[in-house]
Amino acid sequence: MKLLVTGGAGFIGSNFVLYWLKNHPQDKVINFDKLTYAGNLENLESVENNPNYEFVQGDICDEDSVEKVMAGVDTIVHFAAESHVDRSILNPSDFVKTNVLGTRVLLDSALKNKVKRFHHISTDEVFGSLKLEDKNKFNERTTYNPRSPYSASKAGSDHLVRAYYFTYGLPVTISNCSNNFGPYQFPEKFIPLAITNLLEGKKVPVYGDGLYVRDWLYVEDHCRAIDLILQKGKLGETYCIGGLTQDINNLEVIKKILDNLGKDEKSIEFVKDRPGHDRRYALDWTKINKELGWKPLYGFDEWLKKTVKWYTENRRWWEDVKNGEYKKYYKKQYGVL
Ligand code: NAD
Ligand code: TYD
């Protein structure tokens, strides 16, 4: 099989490329990535000489480069996106461009080249925000209600993907996953930002009251779920993929990280809240469990411990990343360095 991975130099995409080459060594994998601030080929150093792996630098909004890279492709897994909510609040334009318009370019090219499967990676954030006191969770039938420029642009891309299935018969599947964590995550996101700040002896900025709830999914569990959807998923269907956390809030997540690093709560700093901050996400992944037999391999504490260990042992990776552009962003977002 010839697999095209868009955004394969980012956090989840690079974990997926590594996962795929390890578990499906007979397949050819092309990684098509623009290398924005979030793309990092260092993540893929271990496979750069693998004859079944190829990197092509390009923008999903550019029709000619997309058309060129699509030749002979059987399956697409589409990760490429602008992915950070805080950046979408600072600058929504790139989010609409890449997430909506770029997805349209890929869909048209996939249709023209008769690809056998277009798998679109989306997020639980398209469903909006749940109340803390609610017991309900999002599932595949939840109405879309995005509330940030990021989630609105992802919702737009999901609608387009579904429209290409119904209108043109493009063989698509979609997954909406919860917050991922694990190795190679850009340290603008909460968990790697917290771990690396603590390793640098800095404080962890916690937005608002810290009582915001996310559903946490380890990236390798996510990759296994995508694999199952590609093998056994039904065309036109959506699958929700979540973790084993039960309504754990940001302060509780930080306390676990502090425990792992032998630090105390003096390292927490409450900062100004995010505008429109979604209070709670919780995801019901019964469908993929029942229909495809997927579940996370371990619980949050085990995966978090492994993640803290990875960032502790891979200091050079994140020290390189937390330079240059990152410093400018951090100052703009948090007002300090
Ligand atoms: P990321 O920001 O780490 O990586 C995105 C990658 O896409 C980068 O390598 C970047 O260079 C590339 N890219 C950006 N714009 C591009 C363009 N125009 N053309 C080609 N490449 C481009 O993101 P991530 O966290 O790995 O997320 C991957 C996907 O998963 C995204 O679609 C995101 O919406 C979705 N998702 C992420 C999470 C999460 O917790 N990280 C949760 C749910 C869904
Ligand atoms: P984030 O990793 O940005 O993911 P998302 O907003 O897409 O869910 O944030 C996860 C949670 O952590 C969210 O409630 C916002 C909060 N947060 C902080 O409290 N401080 C921070 O510095 C960041 C980046 C996030």
Side-chain angles (χ1 to χ4, degrees), residues 5-18 31-49 55-60 79-95 97-99 149-150 179-207 219 250 253-254 257-258 260-263 267-272 274 304 306-337:
V5 175
T6 69
F11 161 49
I12 309 176
S14 62
N15 276 283
F16 182 76
V17 168
L18 296 174
N31 170 13
F32 185 75
D33 196 298
K34 183 179 176 182
L35 297 184
T36 66
Y37 77 93
N40 188 348
L41 290 178
E42 267 188 48
N43 308 4
L44 296 158
E45 260 170 7
S46 64
V47 294
E48 67 188 13
N49 295 321
F55 172 68
V56 178
Q57 184 167 7
D59 186 336
I60 58 165
F79 293 95
E82 289 295 335
S83 69
H84 190 39
V85 174
D86 292 324
R87 288 191 193 246
S88 83
I89 295 167
L90 294 170
N91 173 24
S93 153
D94 286 348
F95 286 72
K97 221 180 283 162
T98 288
N99 300 359
Y150 164 66
N179 285 59
N180 283 223
F181 66 105
Y184 301 119
Q185 185 165 27
F186 197 84
E188 64 188 353
K189 305 278 166 50
F190 189 50
I191 288 185
L193 184 138
I195 300 172
T196 58
N197 270 20
L198 291 168
L199 288 172
E200 288 177 301
K202 289 187 185 157
K203 293 193 176 189
V204 179
V206 170
Y207 295 160
V219 65
N250 294 340
V253 171
I254 287 304
I257 295 174
L258 289 169
N260 269 285
L261 290 171
K263 298 208 170 217
S267 296
I268 294 175
E269 183 167 11
F270 289 93
V271 300
K272 190 160 66 73
R274 170 188 283 173
L304 186 66
K306 201 173 151 72
T307 302
V308 172
K309 186 164 181 280
W310 189 87
Y311 286 90
T312 307
E313 288 171 353
N314 288 275
R315 209 177 165 109
R316 201 187 51 79
W317 181 86
W318 57 261
E319 278 180 346
D320 283 353
V321 171
K322 281 184 125 177
N323 241 315
E325 194 275 346
Y326 183 86
K327 284 197 168 142
K328 270 197 222 141
Y329 163 74
Y330 200 87
K331 185 137 186 10
K332 200 164 176 190
Q333 178 64 18
Y334 300 97
V336 284
L337 268 187

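Predicted model, so just to flag it, every value in this text is computed and none were measured.
The shortest heavy-atom contact between Ser267 and Leu198 is CB-CD2, 3.4 Å. The two atoms that bring Gly39 and Leu35 nearest to each other are C-CD2, 4.1 Å, heavy atoms only. Across all non-hydrogen atoms, the minimal contact from Gly7 to Ala80 is N-CB, 3.6 Å. Nearest heavy atom pair, residue Thr98 against residue Ala81, reads CG2-CA, 3.8 Å. The two residues Pro205 and Leu193 make their nearest non-hydrogen contact at CD-CD2, 3.5 Å. The two residues Gly13 and Val5 come nearest to each other via the heavy atoms O-CG1, 4.5 Å.
For the pair Lys34/Ile60, no side-chain contact is recorded, criterion being any heavy-atom separation below 4.5 Å from C-beta on. The shortest distance between side-chain heavy atoms of Glu325 and Lys328 does not fall below 4.5 Å. Under the 4.5 Å side-chain criterion, counting only non-hydrogen atoms from C-beta, Gln333 is in contact with Leu90. Using a 4.5 Å heavy-atom threshold, the side chains of Asn314 and Pro183 count as separate. Between Ile257 and Thr307 the shortest side-chain heavy-atom distance does not fall below 4.5 Å. Taking the side chain as every heavy atom from C-beta outward, Phe55 and Asp33 approach each other to under 4.5 Å. Between Trp317 and Asn40, the closest side-chain pair of non-hydrogen atoms falls below 4.5 Å. At a threshold of 4.5 Å between non-hydrogen side-chain atoms, the residues Tyr326 and Tyr37 do not count as touching.
At a cut-off of 3.5 Å, with distance as the only test, a side-chain donor of Asn197 or Lys322 sits close to an acceptor on the other residue. Donor-acceptor pairing under 3.5 Å is lacking for the side chains of Asp86 and Tyr334. Between the side chains of Ser83 and Lys189, at least one donor N or O sits under 3.5 Å from an acceptor N or O. Neither side chain, Gln185 nor Tyr311, offers a donor N or O lying under 3.5 Å from an acceptor on the other.
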### Query
Hey, mind stepping through Trp318 and Arg315 against side chain to side chain contact (heavy atoms under 4.5 Å, CB included) and telling me if it holds?
CA-CA 6 Å; Trp318 57 261; Arg315 209 177 165 109; 3.4 Å; yes
### Task
Step by step, work out the side chain to side chain contact (heavy atoms under 4.5 Å, CB included) result for Val56 and Asn31.
CA-CA 6 Å; Val56 178; Asn31 170 13; over 6 Å; no
### Message
Would Val219 and Phe181 count as a side chain to side chain contact (heavy atoms under 4.5 Å, CB included) here? Give the steps.
### Response
CA-CA 6 Å; Val219 65; Phe181 66 105; over 6 Å; no
### Task
Please step through side chain to side chain contact (heavy atoms under 4.5 Å, CB included) for the pair Val321 and Glu319, ending with a clear verdict.
CA-CA 5 Å; Val321 171; Glu319 278 180 346; over 6 Å; no
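With rounding to the nearest 0.5 Å, the separation of CG in Asp94 from OG1 in Thr36 is 9.0 Å. A distance of 8.5 Å separates NZ of Lys263 from CG of Leu258, quoted to the nearest 0.5 Å. Note that CZ of Phe95 is 8.5 Å distant from OH of Tyr150, once rounded to the nearest 0.5 Å. Atom NZ of Lys203 and atom CD1 of Ile254 lie 13.0 Å apart (nearest 0.5 Å). Considering NZ of Lys309 and CG of Leu261, their distance stands at 13.0 Å, rounded to 0.5 Å. In this structure, CG in Asn260 is found 8.5 Å from OG1 in Thr312, a value given to the nearest 0.5 Å.
Judged by distance alone, the side chain of Thr6 and the main-chain N or O of Phe79 form a donor-acceptor pair under 3.5 Å. Under the 3.5 Å distance criterion, the side-chain polar atoms of Asn99 are matched with a main-chain donor or acceptor of Glu82.
In this structure, Arg87 satisfies the cation-pi test against Tyr329, with its NZ or CZ atom closer than 6.0 Å to the six-membered ring centre and inside 45 degrees of the ring normal.
Salt bridge present: Glu42 and Arg316 bring a charged side-chain N and a carboxylate O closer than 4.0 Å.
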